[in-house]
Amino acid sequence: MAARLTRRFFARPTLTVARELMGCRLVHRVEGRRLSGAIVEAEAYIGEEDRACHGRVGRTPRTEVMFGQPGVAYVYFTYGMHWMFNIVTERDGLAAAILVRALEPIDGIDVMRAHRKLGGLTALCSGPAKLTQALRIDRRHNGVDLCTRDSDLWIEAGEPLKPGQIGRCPRIGVDYAPEPWRSKPWRFFIRGSPFISK
DNA sequence: AGCACGATTAACT
DNA sequence: GTTAATCGTGCTC
């Protein structure tokens with residue numbers, strides 16, 4: 001089994017971490033079962049000046065985790081029904097994180113299908129709220145350390161990718177943010193993957 | 001205390 | 001293409 005990515009990995013510039021996360025695996029151990037997928041799409045949110053980032057409002061009960069140490073899960077609730085999974089990056093005190101937007105399902109596909117109830121394999125984890133539903137990630141995971149040995153939630157290295165396999169474009173669903181933040185090319189994805197969000 | 005809205009999804013026409 | 005679902009958060013009164 002591959003080793004967990006370390007805090008040192010996440011304590012770097014967010015765009016670097018986001019790019020290198022492509023192909024890495026998000027793993028959640030649930031009742032002894034290993035639920036996992038390869039990260040095929042993710043977005044960077046960087047600092048209080050990024051008007052699309054939750055950290056723009058400063059330290060609040062909700063954003064506190066984002067301001068904390070890297071390698072910790074920031075899980076938040078939105079649209080009255082959806083949970084979003086993020087990984088905190090950069091140094092303690094700087095509000096930055098990476099939203100994991102889509103996975104290529106690998107382990108525990110039968111269990112993930114039971115959690116989702118809808119759609120086929122490509123629809124299983126092809127969106128930020130779909131993958132949290134499939135992997136059963138929710139409010140309990142906000143603030144969980146992904147880098148300790150005993151955590152049930154972590155990130156592993158995956159198959160190495162060539163630079164040409166990684167695409168880059170503006171972030172999804174941030175039309176509320178003013179320029180230049182709305183158009184920052186901070187979304188990364190694996191080119192040609194059928195598992196990215198629609 | 002009340003309000004507008006959201007880093008979305010699925011089900012519509 | 002449009003829209004309902006559904007509630008925590010941050011802001012205004």
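Quick caveat: nothing in here was measured; it's all calculated off a predicted structure.
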Is there a side-chain contact between A/H54 and the phosphate of B/dA7, meaning an N or O under 4.0 Å from OP1 or OP2?
yes
NA contact type, A/A129, heavy-atom cut-off 4.0 Å: base, sugar-phosphate, or nothing?
sugar-phosphate
Within the structure, does a side-chain N or O atom of A/R56 lie under 4.0 Å from either OP1 or OP2 of C/dC11?
no
If stacking means aromatic ring centre less than 5.5 angstrom from the base's six-membered ring centre, planes under 30°, is A/Y176 stacked on B/dG6?
no
Check whether any side-chain N or O of A/R187 sits under 4.0 Å from OP1 or OP2 of B/dA7, and answer yes or no.
no
Select base, sugar-phosphate, or nothing to describe what A/M81 touches, counting heavy atoms under 4.0 Å on all strands.
base
OP1 or OP2 of C/dT9 versus the side-chain N and O atoms of A/Y76: is any pair under 4.0 Å?
no
Side-chain N or O of A/K130 less than 4.0 angstrom from OP1 or OP2 on B/dA10?
yes
Touch check for A/R182, heavy atoms < 4.0 angstrom, all strands: base, sugar-phosphate only, or nothing?
nothing
What's A/T60 touching, base or sugar-phosphate or nothing? Going by heavy atoms closer than 4.0 Å.
sugar-phosphate
Using whole Å, report how far CZ of A/R51 lies from C1' of C/dG10.
13 Å
May I ask you to say what A/R62 touches in the nucleic acid, namely base, sugar-phosphate or nothing, with a heavy-atom cut-off under 4.0 Å?
sugar-phosphate
Among B/dA7, C/dG8, C/dT6, the one nearest A/F77 by side-chain distance:
C/dG8
